[in-house]
Amino acid sequence: MTTNQDLFTTAQTLMPGGVNSPVRAFGSVGGTPVSMVEGNGPYLTDVEGKEYVDLVGSWGPALLGHSHPAVMDAVRATVEKGLGFGTSHPLESELAELVRSRVPGAEMIRMVSTGTEATMTAIRLARGATGKNLVVKFAGCYHGHSDGLLAAAGSGVATLGLPGSAGVTEAQAWETIVIEYNDREALETVFAEHSGNIAAVITEATPANMGVVAPEPGFNQLIRDLTAAHGALMIFDEVMTGFRITEAGYWGASGRNEGWTPDLFTFGKVIGGGLPTAALAGRRDVMEHLAPTGPVYHAGTLSGNPVAMAAGVATLNNATAGVYEHIDLKAQVVADGLAAALTDAGVDHTIQKVGSLFSLAFGTSATGVHNYAEAQAQESFRYGPFFHAMLEQGVYLPPSVFEAWFLSAAHDDAAVDRILQALPQAAQAAADAG
């Protein structure tokens with residue numbers, strides 16, 4: 001029988017680190033990465049035939065669960081007609097209309113292939129539309145791996161970024177200003193010092209790449225107010241939260257009720273139903289700066305691919321109010337069970353939760369986690385033993401403490417019970433790590 005170790009050993013001779021995306025290498029938790037061969041509902045099966053309750057959900061897209069019948073049927077029907085044509089086709093307009101019906105501020109939509117491409121294009125569009133150069137981002141917010149968005153935070157209140165990855169030049173990083181998330185004073189200072197040259201502020205709608213971190217009350221509103229006052233654009237990155245936290249993403253739980261709308265959105269993950277699709281959307285007058293109606297160039301051979309569009313249409317059509325209610329309920333049950341197990345084991349922690357997205361942070365009960373510095377300061381050494389104890393019991397968690405946990409509409413009572421039953425042993429493993 002082929003084992004996970006066999007596959008990883010071979011993969012390491014073929015791909016850097018044996019993976020095509022770094023977190024899959026289990027670098028922060030140790031051990032051998034698991035190679036999955038099948039997904040069905042809330043479950044994954046690895047190459048050795050072991051079944052796991054999945055709390056990664058393909059990093060978010062599996063809102064309905066793996067291999068949802070309606071999505072699979074839509075994909076099969078589309079594949080029978082061809083894999084792609086390099087032309088316009090009806091499904092791309094159908095998906096765009098579904099997006100706009102849920103998020104009215106998405107007045108125009110450009111389909112792309114990845115979240116990185118969506119945010120990269122949003123930045124180029126913001127610069128082209130405003131004629132300004134600088135972009136403000138927040139430490140710990142991940143917007144894909146395009147060069148200018150990999151700048152790391154510097155010292156002081158507002159420091160022009162230094163490269164956060166080899167291959168990113170200082171010139172590229174210096175066009176990105178990085179400040180601490182939830183720091184109102186730093187944001188106001190940035191605009192006071194650089195307002196004439198700020199093209200945009202880009203923010204995760206609610207950060208979920210340093211663990212889940214909620215925006216402080218009024219923080220997103222402040223971004224909206226400052227960008228509007230200074231002729232900059234607000235880019236709301238909903239690659240992870242779009243159509244997952246509510247039917248209208250995190251904006252649907254915040255801006256819609258508070259009366260503000262960003263200039264640009266980026267969507268990914270759920271919008272493609274598990275296939276490589278993302279989107280840039282926003283105000284018509286801004287979006288029309290994109291070619292062919294404007295001078296900001298973007299093109300993509302696979303943009304709007306019909307198979308991916310079919311998966312997205314089927315996913316959004318089946319993402320009903322009942323789906324969101326179910327996921328919210330089950331996520332709360334699991335989060336409560338996680339908190340109880342850790343408390344019983346004497347492990348200091350907080351559960352970071354926004355809507356159905358949540359994560360845990362060890363050793364943070366005194367302060368909680370409100371920014372990247374606080375996320376980094378946690379007792380992350382406890383997560384590896386916790387992760388492997390869950391994995392051994394058939395529960396697949398994100399292989400990093402800085403990632404969100406995802407449930408789906410397919411997580412029924414039986415799947416949730418398996419998670420809850422595994423938590424006490426994992427909590428004790430985390431306690432013993434100290």
Side-chain angles (χ1 to χ4, degrees), residues 39-44 51-71 102-103 205-208 211-215 238 240-257 269-271 273-274 314-344 349-361 368-369 386 390 393-398 403-424 426-427:
N40 187 19
Y43 303 108
L44 292 173
E51 183 184 78
Y52 305 82
V53 181
D54 181 26
L55 286 170
V56 177
S58 194
W59 300 102
L63 180 75
L64 304 177
H66 295 288
S67 302
H68 187 276
V71 177
R102 288 170 172 244
V103 184
T206 182
V212 176
V213 176
E238 294 233 39
M240 189 169 289
T241 57
F243 315 115
R244 172 164 279 278
I245 286 185
T246 72
E247 78 287 349
Y250 187 76
W251 175 83
S254 55
R256 180 168 59 186
N257 300 325
K269 300 187 183 294
V270 171
I271 195 177
T315 297
L316 292 189
N317 277 334
N318 284 274
T320 63
V323 162
Y324 293 103
E325 291 171 5
H326 175 90
I327 296 173
D328 285 348
L329 174 62
K330 297 304 183 185
Q332 190 64 58
V333 171
V334 174
D336 288 345
L338 173 61
L342 291 169
T343 298
D344 289 346
H349 69 281
T350 56
I351 305 298
Q352 302 289 125
K353 190 172 185 295
V354 177
S356 64
L357 293 183
F358 63 94
S359 62
L360 69 127
V369 178
F386 179 89
M390 294 293 283
Q393 296 175 86
V395 180
Y396 187 64
L397 299 179
E403 301 286 353
W405 297 22
F406 297 95
L407 277 83
S408 75
H411 281 74
D412 55 14
D413 290 343
V416 170
D417 285 345
R418 285 179 57 175
I419 299 167
L420 297 178
Q421 290 168 15
L423 286 170

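Model, not experiment: these values are computed from the prediction.
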Start with the C-alpha gap between Phe243 and Val103, add the side-chain angles, then the distance that decides, and say whether side-chain contact (heavy atoms from CB on, under 4.5 Å) holds.
CA-CA 9 Å; Phe243 315 115; Val103 184; 3.9 Å; yes
Testing Leu407, Leu44, Val395 for side chain to side chain contact (heavy atoms under 4.5 Å, CB included) with Asp54, which one passes?
Leu44
Any non-hydrogen side-chain atom of Lys269 less than 4.5 Å from a side-chain atom of Thr241?
no
Can you tell whether the side chains of Lys330 and Asp412 come within less than 4.0 Å, N to carboxylate O?
no
Would you call the rings of Tyr52 and Tyr396 parallel, tilted or perpendicular if under 30° counts as parallel and over 60° as perpendicular?
perpendicular
For the residue pair Val53 and His411, establish whether any side-chain heavy-atom pair is separated by less than 4.5 Å.
yes
Under 3.5 Å, side chain of Thr350 to main-chain N/O of Gln352, donor-acceptor pair present?
no
If you look at every heavy atom in Ala314 and Leu64, which pair is closest and at what distance?
O-CD1, 4.5 Å
What distance do Trp405 atom CH2 and Leu338 atom CG have between them, rounded to the nearest 0.5 Å?
4.5 Å
Side-chain heavy atoms of Val333 within contact of Leu420, under 4.5 Å
yes
Could you give the distance from OH (Tyr43) to OG (Ser67), rounded to the nearest 0.5 Å?
14.0 Å
For Trp251 and Ile245, run side-chain contact (heavy atoms from CB on, under 4.5 Å): C-alpha distance rounded to whole Å, both residues' side-chain angles, the deciding distance at 0.1 Å, then the answer.
CA-CA 9 Å; Trp251 175 83; Ile245 286 185; over 6 Å; no
Between Ala214 and Thr206, which heavy-atom pair has the shortest distance, and what is it?
CA-OG1, 3.7 Å
Give, for atom CD of Glu238 and atom CZ of Arg244, the distance between the pair rounded to the nearest 0.5 Å.
12.5 Å
Nearest atoms (heavy-atom pairs only) where Pro398 meets Ala404:
CG-O, 3.2 Å
Give the minimum heavy-atom separation between Ala427 and Ala341, together with the two atoms involved.
CB-O, 3.4 Å
Are Phe406 and Pro61 side-chain neighbours, meaning at least one heavy-atom pair lies under 4.5 Å?
no
CZ of Arg102 to CD1 of Ile271, rounded to nearest 0.5 Å, is 10.0 Å
Value rounded to 0.5 Å, distance of NZ in Lys353 from CG in Asp336:
8.0 Å
Just by distance, do the side chain of Gln393 and the backbone of Ala422 share a donor-acceptor pair under 3.5 Å?
yes
Please find the pair of heavy atoms, one from Gly337 and one from Leu423, that lie closest to each other, and give the distance.
C-CD1, 3.6 Å
Do you know which two heavy atoms are closest between Gly252 and Asn257, and how far apart they sit?
O-ND2, 3.9 Å
So, taking the atom named CG in Asn318 and the one named CG in Leu63, what distance separates them when rounded to the nearest 0.5 Å?
10.0 Å
Taking it one step at a time, do Ile351 and Val212 satisfy side-chain contact (heavy atoms from CB on, under 4.5 Å)?
CA-CA 9 Å; Ile351 305 298; Val212 176; over 6 Å; no
Contact check, side chains of His349 and Thr343, non-hydrogen atoms, under 4.5 Å
yes
